[in-house]
Visitor: 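Structure in C-alpha cells, see below.
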Amino acid sequence: MLKMPEPNAEVIGRRAEIARVLREIVADEAVIDDATGLRPYESDGLTAYRQPPMLVVLPETVDQVSRILRYCHDTGIRVVPRGAGTSLSGGALPLADAVMLGMAKFNRILEVDRANRCAVVQPGVTNLAITQAVESDGFYYAPDPSSQIACSIGGNVAENSGGVHCLKYGLTTNNVLGVEMVLIDGTVIRLGGKALDAPGLDLLGLAIGSEGMLGVVTEVTVRLLRAPETARAVLLGFPSAEAAGDTVGAIIAAGIVPGGMEMMDRPAIHAADDFVHAGYPRDVEALLIVELDGPAVEVDHLVAQVEAIAASKGASYTRVSADEAERMVFWSGRKNAFPAVGRISPDYYCMDGTIPRARLPEVLSRISEMTERYGLRVANVFHAGDGNLHPLILYDANKPGELEKAEEFGADILKLCVEVGGVLTGEHGVGVEKRDLMETMFTEDDLKQQQRVKCAFDPDQLLNPGKVFPVLHRCAELGRVHVHGGETRFPDIPRF
C-alpha cells in the first residue's frame, strides 16, 4: 500500500476555522469544503490512489496566494498545489490534513513579446493555448505533451514536461526563461526573466521539475520559436520492435536530429488507428514516426537519408506525409494513443522511465519477457529519440490482485531502466508513484542532500510533503550527513 504523511488530527480539528480564515482572503465560493465539491480533487491522473483533501482554495491573485501561504506557514498547515490535475505520478495527490491550492483561475496570457520571442503567462494557461495564441504570427511553444490540450503550463514547470518534439527542442526547462514564485512564508520571488540567461546561481533550473515542493508558481515566461519553413513526417513500419529500436540509434548516429521521433508497438498501433483512423500500417510489429523540419531542401535530403537507414534495418513500410494535413493525421494517432488504449483495456498503468538509446532493443525484449511472467499485456508508446519510455500496462482493477500485479510490473520496468544506465523518470515526475523506488537510483546521502535543498525553501516541510522522498527527515536533523532519527513515517493511503 502507498504510504503518505501521518495526518495531523489537531489541524483537521481546526478545519472550520481554517475555512473561515481562507474565506476572508478569497471569495466565499472560492473555498470548497463540502464532500461533493471535494470529490473532483481527490486524485490526479494517477487514479489508482484517492484521498479527499481537507479543503480546496482557489485564489486568483498573487496577493491571495501569498496571504494563503503565509497563513498556512504561520499555523503549520500543509499545502498541496494543483494545476489541471493531469499528473500521472500522483504529484497532486491530496492529504487529509492539507489545504489544496488550486491554480485554475490563473488562466490569462499576460503578454506576447514578439521582439524578444517570449510570452508571459499565468500557470493555469493550458500548454496548447500558448501556441494557439501566437501561431498566426508564425511562432509556437515547443514542448508538447500528449495532454497539451488540458495540462497547464504551471504543471509542466512542476514536472519538467516534454512531449514528442523534445528531442530537438528540449524539455520545459529548455523553454522557460523565468518564473514568479511564492514561497511558503508568502515571499514573492522572481527567478530569471526575458533575458536568455540570468546572473548568479541557476535557481530557475532548480525550480523547474521541483514538483511543487519549493514554492507555488504564479507566472511563467516561456520561449517562443519560429515555426519551421517545412516539416514532413515519415511513417516507418518494422517486423520487430528491436529493428525499430536499431533504426532509432542509427538515425542519431548519422548526425540527424529529427524534430520528433516516436515509436509504437502493434497493440498501440491498432488501438490508435481504430480510434483516429490515421492510416497506420496494421501488419507491422513496430512503427516509427520521424519528423524532419527546416528549409525545404534540407528536409528533402534528410527524409531520403532516413528512408535509406530504415531500409538498411529491415523496414517493411515507408510513407512520407504529402502535405501539412497528412502530417497532422500521422501525429494524431500518436497524440491520442493513451486514450485509444483505454478502448482495449478496462484500466492501464502508464509508466515513465528513460534509458540510453543504444539499450532500446534490449529493454524492449526484456519488457516482453516480463509480460509473459506477469501475465499482463503491454502497449508501448514512447519518445524513442530521447529514450523516454511510456509502457502502458493493461489490467482490470475489478479483478482482485491485478492492480498490485501491474504496480509490481511497472516497478520492475523502472528498475530495469536504472539497471541499463537510465533514470526513473523522463517527464512525469517522481510524485508518489516512483517515490519508494528512489533508493534504487540514489544513496541515502544523495537523498538527504536533495532534501536539504527543499529545507532551504521550506524548513517546516509544509509544501507537498510525502512526494519524491521515501523517508521525510526533519530539517533540523539534516545538518548532519549520517542521520538515523528524526524521520516521518508514512501511513497507508487506500487504493481506488
Side-chain angles (χ1 to χ4, degrees), residues 25-26 57-74 79-83 91 101-127 129-130 133-134 139 141-143 152-161 170-225 429 452-460 462-464:
I25 299 174
V26 300
V57 60
L58 304 173
E60 52 187 316
T61 69
V62 177
D63 179 65
Q64 289 176 348
V65 173
S66 175
R67 291 170 63 191
I68 291 166
L69 291 180
R70 186 183 308 120
Y71 167 69
C72 291
H73 171 264
D74 292 346
V79 179
V80 177
R82 178 186 172 102
L101 187 65
M103 299 299 289
K105 291 187 176 183
F106 282 73
N107 58 5
R108 293 185 298 133
I109 295 177
L110 302 175
E111 180 188 4
V112 175
D113 186 343
R114 295 166 183 82
N116 286 305
R117 296 194 177 186
C118 65
V120 182
V121 306
Q122 292 185 316
V125 172
T126 62
N127 176 287
I130 300 174
V134 300
F139 291 99
Y141 177 63
S152 67
I153 193 66
N156 290 177
V157 169
E159 306 295 349
N160 191 23
S161 302
L171 301 162
T172 298
T173 190
N174 307 111
N175 290 276
V176 168
L177 298 171
V179 300
E180 177 186 76
M181 188 166 75
V182 185
L183 304 182
I184 186 62
D185 66 355
T187 303
V188 181
I189 64 173
R190 284 188 174 271
L191 305 175
K194 290 185 178 182
L196 294 179
D197 204 355
L201 298 175
D202 183 16
L203 296 179
L204 176 62
L206 192 65
I208 298 172
S210 60
E211 304 198 28
M213 297 194 304
L214 303 184
V216 177
V217 172
T218 51
E219 184 184 287
V220 186
T221 302
V222 301
R223 186 194 313 273
L224 299 177
L225 299 181
R452 289 185 181 98
V453 174
K454 175 173 173 57
C455 288
F457 285 81
D458 179 20
D460 297 321
L462 297 175
L463 277 171
N464 218 11

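No hydrogens, no waters, no symmetry mates; every other heavy atom, side chains included, goes into these values.
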Visitor: For R108 and V125, which heavy atoms make the closest approach, and how far apart are they?
Guide: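 For R108 versus V125, the nearest heavy atoms are O-CG2, 3.4 Å.
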Visitor: Please name the pair of heavy atoms, one in I109 and one in I130, separated by the smallest distance, quoted to 0.1 Å.
Guide: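 So the minimum-distance heavy-atom pair works out to CD1-CA, 4.5 Å.
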Visitor: I want to check something: taking the side chain as every heavy atom from C-beta on, are M213 and D458 in contact at a cut-off of under 4.5 Å?
Guide: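 No; the side chains remain at least 4.5 Å from each other.
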Visitor: Are the side chains of I68 and V57 in touch, meaning some heavy atoms are under 4.5 Å apart?
Guide: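 Side-chain contact under 4.5 Å: yes.
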Visitor: If you define the side chain from C-beta out and look only at heavy atoms, does anything of L214 sit under 4.5 Å from K454?
Guide: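 They are in side-chain contact.
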Visitor: Side chains of V65 and M103: closer than 4.5 Å at any heavy-atom pair?
Guide: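 With C-beta onward as the side chain, the pair touches.
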Visitor: Donor-acceptor check, side chain of T172 to backbone of N160, threshold 3.5 angstrom: yes or no?
Guide: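 A pair under 3.5 Å: no.
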Visitor: Kindly say whether V222 contributes a backbone atom to a donor-acceptor pair with the side chain of N175 at under 3.5 angstrom?
Guide: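 Flag not set: sc N175 to bb V222 has no pair under 3.5 Å.
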Visitor: Can you tell me how far apart CG (D202) and CG (D197) are? Round to the nearest 0.5 Å.
Guide: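 The CG atom of D197 is 7.5 Å from CG of D202, to the nearest 0.5 Å.
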Visitor: Any side-chain heavy-atom pair from L224 and R114 closer than 4.5 angstrom?
Guide: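 Contact flag for L224/R114 side chains = no.
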Visitor: First locate atom CZ of R67, then atom SG of C72, and finally report the distance between them rounded to the nearest 0.5 Å.
Guide: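 Result: 12.5 Å between the selected atoms.
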Visitor: Given 3.5 Å as the limit, does a donor-acceptor pair link the side chain of Q64 with the main chain of E60, or not?
Guide: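 It does hold such a pair.
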Visitor: Any non-hydrogen side-chain atom of F457 less than 4.5 Å from a side-chain atom of L183?
Guide: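 A side-chain contact under 4.5 Å exists here.
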Visitor: Is there a side-chain contact between L69 and L101 (heavy atoms, below 4.5 Å)?
Guide: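 L69 vs L101: side chains touch.
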Visitor: Would you mind reporting whether V176 and Y141 have side-chain heavy atoms less than 4.5 Å apart?
Guide: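 Counting from C-beta outward, Y141 and V176 do come under 4.5 Å.
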Visitor: Is a donor on one side and an acceptor on the other found under 3.5 Å between the side chain of E180 and the backbone of R190?
Guide: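 No; judged by distance alone, with no hydrogens or angles, the pair does not exist.
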Visitor: Provide the closest heavy-atom pair for S152 versus G83 in the form atom of the first, atom of the second, distance.
Guide: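 Between these two residues, the closest heavy atoms are OG-CA, 3.8 Å.
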Visitor: Does either side chain, that of D185 or that of T187, offer a donor lying less than 3.5 Å from an acceptor on the other one?
Guide: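 Yes.
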